[in-house]
Amino acid sequence: MLYKYKNNYEKIVMGYLSYFDEFKILKNLLAEIKLYNESDIYTVYLYRSNPTVDFQGVVCVQVEAEFVVIRYVSINPSYDREKIIERIMKELHELYQNRLLCTMPDYAYLMKYIEESDT
């Protein structure tokens with residue numbers, strides 16, 4: 001289940017984003033978090049399979065009028081990455097069914113989950 005970012009999730013999101021090399025630099029990480037705190041078009045969703053478990057990953061998106069861009073996906077390495085990504089993509093597709101779902105180039109492989117769910 002996807003949970004929309006709130007300020008009290010900030011440290012969790014920072015932890016997930018710190019898996020990326022560009023966010024190992026604190027200044028970059030703080031700038032990214034500021035983006036999610038201050039912008040209406042950039043948001044983060046945290047994912048967990050049910051309310052009794054810890055968050056298992058995050059997905060960062062840019063929401064525009066006609067499309068949604070997946071900017072980052074970070075999954076806890078202790079969990080089945082493939083299964084979690086599949087669930088995240090399905091939920092994003094349902095959440096933004098009236099918008100085109102697209103990705104940054106590094107995440108183009110995620111589109112297979114949408115194409116599979118449409119058939």
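No hydrogens, no waters, no symmetry mates; every other heavy atom, side chains included, goes into these values. Bear in mind the structure is a predicted one, so any value in this text is a computation, not a measurement.
Note that OH of Tyr45 and CD1 of Ile88 are 12.0 Å apart. Values are rounded to the nearest 0.5 Å. Going from atom CE of Met1 over to atom CD of Glu91 covers 7.0 Å, rounded to the nearest 0.5 Å. The line from CD1 of Ile41 to CD of Gln62 is 4.5 Å long, rounded to the nearest 0.5 Å. Rounding to the nearest 0.5 Å places CD of Gln56 at 8.0 Å from CG of Asn76. Separating the CD atom in Glu86 from the NZ atom in Lys83 is a distance of 9.0 Å, to the nearest 0.5 Å. We find the CG-CG distance between Leu30 and Leu35 to be 12.5 Å, quoted to the nearest 0.5 Å.
Ile85 is listed as a side-chain neighbour of Val73, based on a closest heavy-atom distance under 4.5 Å. Residues Glu64 and Val69 fail the side-chain proximity criterion, which asks for heavy atoms closer than 4.5 Å.
Panel note: side chain Lys24, backbone Ser18; a donor-acceptor pair is recorded below 3.5 Å.
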Hey, can you pull the donor-acceptor pairs under 3.5 Å for the side chains in residues 7-15, sequence neighbours left out?
from: Glu10; atom 1: OE2; to: Asn37; atom 2: ND2; distance (Å): 3.2

Assess whether side-chain contact (heavy atoms from CB on, under 4.5 Å) is satisfied between Lys4 and Val44, documenting all intermediate values. CA-CA 6 Å; Lys4 193 166 184 177; Val44 178; over 6 Å; no

Apply the test side-chain contact (heavy atoms from CB on, under 4.5 Å) to residues Glu66 and Leu100: give CA-CA distance (whole Å), side-chain angles for both, the deciding distance (0.1 Å), then the verdict. CA-CA 6 Å; Glu66 295 181 17; Leu100 176 64; over 6 Å; no

After noting the C-alpha distance and the side-chain angles of Val59 and Ile70, does the key distance pass the side-chain contact (heavy atoms from CB on, under 4.5 Å) rule? CA-CA 7 Å; Val59 59; Ile70 298 169; 3.9 Å; yes

After noting the C-alpha distance and the side-chain angles of Leu2 and Leu92, does the key distance pass the side-chain contact (heavy atoms from CB on, under 4.5 Å) rule? CA-CA 8 Å; Leu2 291 176; Leu92 282 175; 3.9 Å; yes

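Of all the heavy atoms in Ile75 and Tyr19, the pair that sits closest is O-CE1, 4.3 Å. Between Arg48 and Val53, the closest heavy-atom pair is CD-O, 3.0 Å. Residues Cys60 and Leu17 come closest through the heavy atom pair SG-CD2, 3.8 Å.
Evaluation of the side-chain hydrogen bond (donor to acceptor under 3.5 Å, both in side chains) rule for Tyr36 yields Glu32, Arg71 as partners, not counting sequence neighbours.
Aromatic ring centres of Tyr3 and Phe55 lie closer together than 6.0 Å.
A salt bridge links Glu82 with Lys112: at least one charged nitrogen is closer than 4.0 Å to a carboxylate oxygen.
Enclosure of atom CG in Asn50 by more than 12 non-hydrogen atoms of other residues, nucleotides or ligands within 6.0 angstrom is indicated.
Partner Tyr72 forms a ring pair (Phe, Tyr, Trp, His ring centres under 6.0 Å) with one of Phe23, Tyr16, Tyr42 and no other, that one being Phe23.
At least one cation-pi condition fails for Arg87 and Tyr47: the charged atom is not both under 6.0 angstrom from the six-membered ring centre and inside a 45 degree cone around its axis. Judged by the 6.0 Å distance and 45° axis criteria, Arg99 is not positioned over the aromatic ring of Phe67.
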